[in-house]
Amino acid sequence: MNYPYSLLAPGPVNLHPQVRKVLAEPMIHHRTPQFDGILKRVLARLKLVFGTEQAVYLQTSTGSGGMESLLVNVLSPGDQVLAIVSGKFGERWAEMASTFGAQVHSHMVPWGQSVDPEQIREYLNKNPRTKAVLCQACETSTGALHPIQALGKVIADFSECLFLVDGITAVGAFSLPMDEYQVDGLVAGSQKAFMLPTGLSMVSFSAKAQARFATATMPRYYFDIRREIKANAQGETFFSSPVALIKALDVVLEFILAKGLNSLYAEIHLRAELTRNLLPKLGFQVYPMNPSDSLTALLVPEGLDGQKLRGHLESKYNITVMGGQDQAKGKILRIGHMGYITSQEMQNLFAALAATLRDFGVTISEALISELVDKIRQSSLEQGFEPVPIHRGAKGESL
Ligand SMILES: *Cc1c(COP(=O)(O)O)cnc(C)c1O
């Protein structure tokens, strides 16, 4: 089968055609009025996606650099930190915090489950000197969604404790208004819901967190946000700006906001719903108890190896989805719903998954395959993510 290549991982994701175009434009210098205009617009618009009145900062790093930045700008060695660990990314953040000298207590949540905010309240009542709670909004290794709003309410009762959230597969994928949810530090990454290549992280801090900038003593240089605050006040970034990525981000923000955040979330939700409702007909089973819309993790049918399935889907049908990591390796597939995904690509994915299962000896009727593909074709995805026209001048300025 000759499908065009489709990247349906939970990041990196397919790029919008308009983004690919802007990435191919000639380089401009980052200390130019032209670039300053773009940066200013991007920084202002990011606040809308983050749902905050605070500044959002851009960092040239992958998402993990943003996670590091959230820690080192507000914590000191020796600080007590509670890390909610429900998968790979939770583990990484806990490890990072102890690397920088925090006394980390990991609150372990079984893979596929979501944290119970009341247990966090109990912990904080017993450990009132805790300086920060760390949590993924969506733990991408399991596809589980965590109750960020409820956690925010709990943690806000503790005046010494900050709530730091890894929103790398959340911000831009579903509603997570930072201020309203009482989140004190939020990080996003370019290659997930922002539909860009890898290489940018975005961070924002509440007023409660900003008060720590001056007293936090974790070592930091590149990620010292105080440098960036000064530079942004001059309309610049402190280090050389990744001009191409920021220009591309400008394009993405333009169409996200033209489309409307709620319709973007609704579309991602619809892709997730179709996947969660229809793929079980092929024998897959939704893995997390409380699934996020950003991706769907599915247990593969009994007796099959997830790694082999995903490899086959890629080499024979030209579609990339991810498998599981660590304890979920071989057991699950992870299908991303973020990025530029056409209805046709969803149809191809479902047909190719069915064909893959057949290639592995599972009996699946033509009628079932047609039924699945038709359900997508008949869904409102068909009218879905059409590129919103973007009007830009030759030099990148908005007209
Ligand atoms: C992808 C991801 C990260 C890591 O981002 P990198 O860009 O690979 O550094 C961290 N947390 C979550 C929840 C993610 O999905």
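Numbering starts at 1 and runs along the sequence shown. All ligand and atom numbering here is 1-based and tracks the order in the structure.
In summary, the aromatic rings of His312 and Phe360 are positioned with their centroids under 6.0 Å apart.
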Criterion side-chain hydrogen bond (donor to acceptor under 3.5 Å, both in side chains) on Thr237 and Tyr57, from CA distance to verdict: CA-CA 9 Å; Thr237 57; Tyr57 304 100; over 6 Å; no
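Checking Ser64, Gly199, Ser294 against atom 5 (O) of ligand 1, the nearest heavy atom belongs to Ser64.
Atoms of ligand 1 lying under 4.0 Å from at least one heavy atom of Cys138, given by number and element, are 13 (C). Using a 4.0 Å cut-off to heavy atoms of Met67, the atoms of ligand 1 that qualify are 10 (C). Annotation for ligand 1: atoms under 4.0 Å from non-hydrogen atoms of Thr169 are 13 (C), 15 (O). Listed by atom number, the atoms of ligand 1 under 4.0 Å from Gly63 heavy atoms are 5 (O), 6 (P), 7 (O), 9 (O).
Taken together through direct or relayed side-chain contacts under 4.5 Å among Ile, Leu, Val, Met, Phe, Trp and Tyr, Ile268 and Leu7 form parts of separate hydrophobic clusters.
Judged by the 6.0 Å and 45° rule, Arg227 forms no cation-pi pair with Tyr222.
Note: an N/O pair closer than 3.5 Å links Thr62 and ligand 1 by distance alone.
Protein heavy atom closest to atom 1 (C) of ligand 1, with residue, atom name and distance, is Lys192 NZ, 1.4 Å. Taking atom 8 (O) of ligand 1 as the reference point, the nearest protein heavy-atom neighbour is Gln191 NE2, 3.9 Å. Nearest non-hydrogen protein atom to atom 11 (N) of ligand 1 is Asp166 OD2, 2.6 Å. Given atom 3 (C) of ligand 1, the protein heavy atom at minimum distance is Phe89 CE2, 3.3 Å. Nearest protein neighbour of atom 15 (O) of ligand 1, counting heavy atoms only, is Thr140 OG1, 2.5 Å.
Residue Ser201 is tested with Ser64, Ser61, Ser190 for a side chain to side chain donor-acceptor pair (under 3.5 Å); the sole match is Ser61.
In this structure, the side chain of Asn232 engages the main chain of Glu236 through a donor-acceptor pair within 3.5 Å. Here the side chain of Ser69 pairs no donor or acceptor atom with the backbone of Gly65 at under 3.5 angstrom.
When non-hydrogen atoms are compared, ligand 1 lies under 4.0 Å from neither the backbone nor the side chain of Ser201. No part of Glu139 comes within 4.0 Å of ligand 1, judged by heavy-atom distances.
With a 4.5 Å cut-off on side-chain heavy atoms, Leu253 and Phe194 count as touching.
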